[in-house]
Structures are given as C-alpha cells and as structure tokens.
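Both counts, for ligands and for their atoms, begin at 1 and track the order of listing.
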Amino acid sequence: MPYSLREDEKLEEKISIDILRRLFRYLKPYKKEILIVLLLIFVVMIVDLANPYLMKIAIDRFIKNKDPRGLITVGFVVLLLNLISAFCAKKRTERIAGITHRVILNIRQDLFNHIQKLSFAFFDERPVGKILARVIGDVNSLTNLFNMSVTNLIPDTFTIIATAGIMFYLNARLATYGLLMFPFLLITLFSIQTISRKRWQVVRKKNSTLNAFTHENYSGIRVVKYFNAENYRKNIFSELAWDVRQAFVRAVRINDLFWPMVEFSWGIGSIITFYFGIKMIKSGSITVGLLIAFSNYIAMFWRPIMNLSNFYNNLVTSMASAERIFEIMDINPNIVEDEDARDLEIKGEVEFRNVSFSYDGKKKVLKNVSFKVNPGERVALVGHTGAGKTTIVNLLCRFYDPDEGEILIDGVNIKKIKLESLRRQVAVMFQDTFLFSGSIKENIRYGRLSASDEEVISTAKEVYAHDFIMSLEKGYDTKVQERGLRLSTGQRQLVSLARTLIADPKILILDEATASIDTHTERLLQKGIEKLLKGRTSFIIAHRLSTIQNADRILVIEDGRVVEEGNHEELMRRKGIYYNMFMSQFKFWEEEREVVS
Ligand SMILES: Nc1ncnc2c1ncn2[C@@H]1O[C@H](COP(=O)(O)OP(=O)(O)OP(=O)(O)O)[C@@H](O)[C@H]1O
C-alpha cells in the first residue's frame with residue numbers, strides 16, 4: 001500500500017522493570033491516600049477471610065450441637081462484619097478512582113508539556129495523528145492499570161498468601177492437594193503472556209497508524225474532495241481499520257486463554273481436594289465443617305489468581321502504551337539553552353557567520369552562509385523554491401541549530417540567549433496563517449498574553465483589521481475554528497498581523513503570502529505590513545519581486561548559498577540571477593496584462 005504512515009515504529013522486546021518503576025513513581029505523591037485505601041482493602045480482606053472460618057465454627061460447633069443461640073450470635077457477627085466490609089469496599093472504590101484519575105492527569109500533563117518542548121525535528125518525523133494517539137489513547141489505556149494495581153495487585157497477592165497460609169494451618173495435606181495445579185498454571189500463564197504482549201504492542205501501533213491517517217484525512221479534507229479522492233482514501237482507511245481488527249482479534253484470542261487456564265486449574269484442584277477430603281472425613285481425620293471451609297478457601301485462593309492474571313493481562317497491554325509514552329518522554333529537545341544563556345534586550349543586529357546546515361545530516365541545505373544585517377534594516381530573501389530561504393529564518397528563530405558556523409544577534413551567539421527571550425523578540429508571520437479555535441480577541445492576544453482588550457483593539461486598528469472584525473456578527477468575540485476556517489485568507493492574515501504587532505518584536509520575519517486575495521484586503525494588508533515593519537529589523541521571504549523593491553537589501557539565495565547581495569537597483573545593474581528572476585516575472589506580468597486587455 002502506498003501509504004507511508006503504515007511504516008510502524010519498532011517493537012520492544014520485553015517488559016521492562018524500569019518502565020514499571022517509572023510508572024509507579026507517579027503514585028508517590030499519593031502515598032497517604034494509597035495507605036488509606038490499603039487500610040480499607042485490608043478490612044474487606046480480613047472479613048472475607050473470616051467468613052469461611054466463622055462458617056466452620058457455625059457448622060462444627062453450633063449446628064452439630066444444636067445450639068441456636070450460638071448460631072444467632074455467629075450470624076449477627078457475620079452480618080456486622082460484612083456491613084463494615086461493604087462500607088469500606090465502597091469508600092475504597094471511590095478513593096481509587098480519585099487517585100487513578102489524578103495520576104493519569106499528571107502523566108498526560110507531563111507528556112503534553114514535554115512534547116511542546118521538543119524541537120521541530122521531532123514534529124518533522126511524526127504525523128500529528130501519531131502524537132495524538134500517544135497523548136490521548138496510550139495515556140487512557142493506563143487508567144485500568146493504575147485502577148487495577150491498587151484494587152487487585154496488592155490485596156490479591158495478600159489474599160493468596162493469607163489463604164494459602166490458613167489452608168496449610170488448617171490441614172497441610174488437604175492444602176497440598178488443593179494447590180497441586182498451581183505450578184502448572186504459572187508456567188502456562190507465563191508462556192501465554194510472552195506471546196500476548198507482542199500482540200498487544202502490534203494492536204497499539206496499528207491503532208496509532210489508523211489515528212494518524214484519520215487525523216490527516218480530516219485535516220486535508222478539502223484536498224481529498226477537490227481531487228475526488230474519497231474512494232481512494234476510503235479504501236486506505238478500510239485497510240488500516242482491517243489491520244487493527246486483525247491485530248486485535250489475534251491479541252484477544254491469546255488473551256482469552258488466560259481465564260480458561262485458571263478455571264481449569266481451579267476445577268481440577270477442587271476435584272482433587274473433594275476426592276481426598278471426603279476420604280479424610282470418612283477416616284475421621286477432618287470434619288465436614290473443615291472441608292466446607294476448605295472449599296471456600298480454595299475459591300478464595302483461585303479467584304484472586306484470576307484477578308491477577310487479568311491484571312497481568314492488563315499490565316501487558318498497558319506496558320505497550322507506557323513504553324510508547326516514555327519513549328517520547330526520553331527524547332531530549334535538540335534545542336537547549338546554554339547554561340549561561342541570558343535575557344537579551346534585542347536591538348536588532350543579525351549576523352550569520354559561515355553557517356552550514358542539513359535537516360537530515362546528509363543533504364546540506366545551507367552552505368557557508370554569511371551576512372550581516374543592521375538594526376532596523378529591511379532585508380528580502382529571494383531565490384528559487386527549495387533554495388533555503390525558510391531554512392535561514394528557521395535557524396534565526398532557533399527552531400534548528402546550525403551544524404557549522406554561528407548566528408549572532410547584537411553580537412551574541414543565539415545559543416547564549418534564553419529561548420524565551422529570543423522567541424519573544426523574534427516574530428514570524430507565516431504564509432499559512434494558523435488561528436486557534438477561540439475568539440478573534442483571544443487569537444490576537446496569543447502575540448502577548450498579558451495584553452488588555454483595549455490594546456488588542458488599538459493594535460487591530462493600527463493594522464487595519466478593526467473594520468472587518470467589527471463587521472463580523474460578534475466583533476472581537478466572534479469564534480473562529482481551528483486554522484481560522486471561517487475567515488477568508490486575507491482576513492486571517494489581518495488577524496495574524498495584529499497578533500504579530502501586539503507582540504512588539506524587535507526582529508520580524510515575514511513569509512510573504514502568495515495566495516491571491518482581493519485587492520481591497522491586499523491593500524489593507526500592505527499598509528498593515530508597512531506599519532509592522534517600521535523600526536524593526538525584518539526579513540521578508542519574497543515571492544513577488546515587485547513587492548520588495550524598497551527593501552534596504554536583497555539576499556539572493558541559490559542552492560543554500562548567498563549568491564548575490566545588494567539593493568534592487570544594484571542587483572538589476574549586475575544583470576545576474578536576480579535580474580533574470582525579475583525579468584522573467586516582469587515578462588509574465590506583461591503577458592498577463594496583454595491577455596487581460
Ligand atoms: N523539515 C525538513 N526536513 C528535511 N528537509 C527539509 C525540511 N524543510 C525543508 N527541507 C529541504 O530543505 C531545502 C530548503 O528548503 P526551504 O524551505 O528552506 O526552501 P525555500 O527557499 O524556503 O523554498 P520555498 O520558496 O519553496 O518556500 C529543500 O530542499 C527542502 O526540501
């Protein structure tokens with residue numbers, strides 16, 4: 001299938017204690033709460049353990065001796081104990097749910113925060129859907145693990161040990177018969193889990209691929225529809241969904257062996273116990289009450305084993321998720337501040353000194369680029385597509401670090417400037433204006449979160465966005481959807497201009513829009529951009545050479561190198577690459593004009 005998302009990540013080999021330890025570290029802050037839960041669990045367990053023993057006393061002592069008063073007393077004690085136990089069980093469940101959800105919240109928050117800190121290189125390698133699958137799906141699947149580990153793991157392990165202890169205390173021979181199948185079960189469960197774990201990992205990965213595809217499909221739904229690709233996409237979706245189904249069925253099939261194995265061992269164990277138990281009653285070595293109590297204890301021994309195997313099952317599936325979560329948490333951001341990084345009040349001088357860079361470590365995209373820009377200077381970057389213009393500004397914003405050379409702002413290497421300080425003072429206005437779902441006011445405020453409503457409005461007025469915003473139904477409170485889809489391209493750019501201006505950056509990078517917008521909005525935008533550029537060092541990635549003739553300097557980029565440098569007149573006189581680019585665009589405009597007239 002020609003679908004690259006299908007290339008899954010690699011499978012891990014075995015359950016790692018380290019991952020378990022990291023997971024359970026999240027429980028640490030809730031030690032006190034867990035202690036209370038354990039106490040509640042302990043009460044429930046003690047009552048459970050006492051029930052068969054009280055039954056044995058009732059049968060062997062009071063029923064056998066026809067003592068109704070004794071029987072009523074035992075009945076009353078059983079009732080009271082079980083009422084207390086029911087109350088504790090209810091409180092236990094409520095508290096466990098509380099702890100689990102707080103732990104899950106913490107993991108999700110940590111993962112989200114960590115991913116936000118990661119460099120662009122991380123996002124270059126992964127489709128958004130796959131990231132989404134980890135933050136939502138994988139974290140969700142840990143809920144059961146935490147729930148069950150407190151509800152099952154600790155009390156069940158204790159119950160098994162305590163029940164076995166009581167059985168051996170009551171009658172060691174009968175206890176041995178009852179637990180004869182236990183080693184068999186352990187071996188079987190271990191073999192099943194080894195296969196099961198691998199199968200669940202596959203399910204998670206297939207799911208994540210399906211998520212990624214679905215996310216991508218709806219993000220690009222316009223392209224899908226424009227190109228009539230619905231059927232093609234539908235078929236890919238079916239195949240991916242089928243993959244998930246297949247993987248799930250394979251995993252469940254092996255999982256379903258867990259319970260029958262436990263039931264089988266339990267059943268055989270019970271038959272053996274009753275067979276020898278009845279013989280022992282006949283020979284007078286045990287009482288009827290003891291055998292009945294024993295059959296209860298055997299049930300009490302195997303039931304938690306069923307729970308534990310279920311827990312183990314869950315652990316196996318959750319481990320696949322936990323691995324995927326920690327795998328991301330272990331990725332360090334490539335872009336980190338130097339220890340001695342400082343805040344810098346930027347004036348606006350920018351220098352690239354022999355900068356070389358490659359995205360993939362193989363193909364050099366920038367080759368020994370050097371230039372110096374004075375504060376307040378307006379620089380246009382021009383060049384053919386793929387020449388490296390965007391890469392230059394990516395490096396200036398420190399979205400990536402150069403492989404060789406250095407980038408200086410006001411004479412300071414940008415690695416020595418705090419990232420927060422750098423990003424606050426260097427703003428980028430992208431061609432593809434991304435607006436978040438929320439009101440227009442909120443979107444403008446992303447430029448500076450502390451801005452007041454008045455500042456938002458006055459900034460919008462400055463960049464000529466106010467009038468169109470006021471013409472909307474709810475003015476500044478009008479909600480836009482993700483990417484700002486309810487607004488036109490030009491309107492989105494006006495909002496984006498206001499957002500950038502309110503940030504008051506010292507260095508501005510403008511990826512000039514290529515999309516055609518109506519002349520009225522275009523004129524507003526041009527005026528707005530002029531306002532924005534005033535007094536700031538600016539880099540304009542220019543696509544239409546007509547718009548950059550008034551740049552102070554033009555850098556012509558060709559195949560990752562600065563090949564020409566000067567203002568428009570100088571470069572035209574030189575009759576080099578810029579001249580040719582300009583003339584070919586000019587010729588194109590002339591032809592267009594002729595066609596129109
Ligand atoms: N994230 C990335 N990972 C790998 N290669 C990349 C990445 N981004 C860009 N490139 C490659 O780097 C080269 C320069 O790209 P860049 O975006 O800087 O060009 P550009 O001059 O801005 O082009 P355009 O005018 O089309 O926007 C291209 O060959 C491109 O394929």
**Report entry** SB check R536 D504 (cutoff 4.0 Å)
**Finding:** yes

**Report entry** Salt-bridge criterion met for R353 and E406 (N-O under 4.0 Å)
**Finding:** yes

Report summary line: atom 25 (O) of ligand 1 has as its nearest protein heavy atom K389 NZ, 2.8 Å

Requested in this report: Consider only side-chain N and O atoms of D360 and S358, and report whether a donor and an acceptor are under 3.5 Å apart.
Outcome: yes

Report task. Check if G383 has a non-hydrogen atom at a distance under 4.0 Å from any atom of ligand 1. Result -> no

Query raised in the report: Under 4.0 angstrom from atom 30 (C) of ligand 1, is there any protein heavy atom?
Result: no

Query raised in the report: Should we say atom CZ of F112 is surrounded by more than 12 heavy atoms from elsewhere, each under 6.0 Å from it?
Result: no

Requested in this report: Please report which non-hydrogen protein atom sits nearest to atom 1 (N) of ligand 1, along with the residue it belongs to and the distance in Å to one decimal place.
Outcome: D124 OD2, 3.1 Å

Query raised in the report: Quick one: nearest non-hydrogen protein atom to atom 23 (O) of ligand 1, plus distance?
Result: G386 N, 2.9 Å

Requested in this report: Tell me, with the steps shown, if V379 and D552 meet side-chain contact (heavy atoms from CB on, under 4.5 Å).
Outcome: CA-CA 6 Å; V379 177; D552 297 319; over 6 Å; no

Query - For atom 26 (O) of ligand 1, the protein heavy atom that lies nearest, with its residue and separation - result: T385 OG1, 2.4 Å

Query raised in the report: Is the gap between the ring centers of W242 and F237 under 6.0 Å?
Result: no

Report summary line: Any heavy atom of T391 under 4.0 Å from ligand 1? The part involved is both

Query raised in the report: With distance as the sole criterion, is a donor-acceptor pair present between the side chains of S458 and E462 under 3.5 Å?
Result: no

Query raised in the report: Atoms of ligand 1 less than 4.0 Å from K363 heavy atoms?
Result: 29 (O)

Query - Nearest-neighbour protein heavy atom for atom 27 (O) of ligand 1, which is reported as residue plus atom name and distance - result: T390 OG1, 3.6 Å

Requested in this report: Specify the protein heavy atom at minimum distance from atom 5 (N) of ligand 1: its residue, its atom name, and the distance to 0.1 Å.
Outcome: Y359 CD1, 3.3 Å

Query raised in the report: Quick one: does ligand 1 sit under 4.0 Å from the side chain of V365, the backbone, both or neither, non-hydrogen atoms only?
Result: side chain

Query raised in the report: So, D110 and Y26: side-chain donor and acceptor under 3.5 Å apart, yes or no?
Result: yes

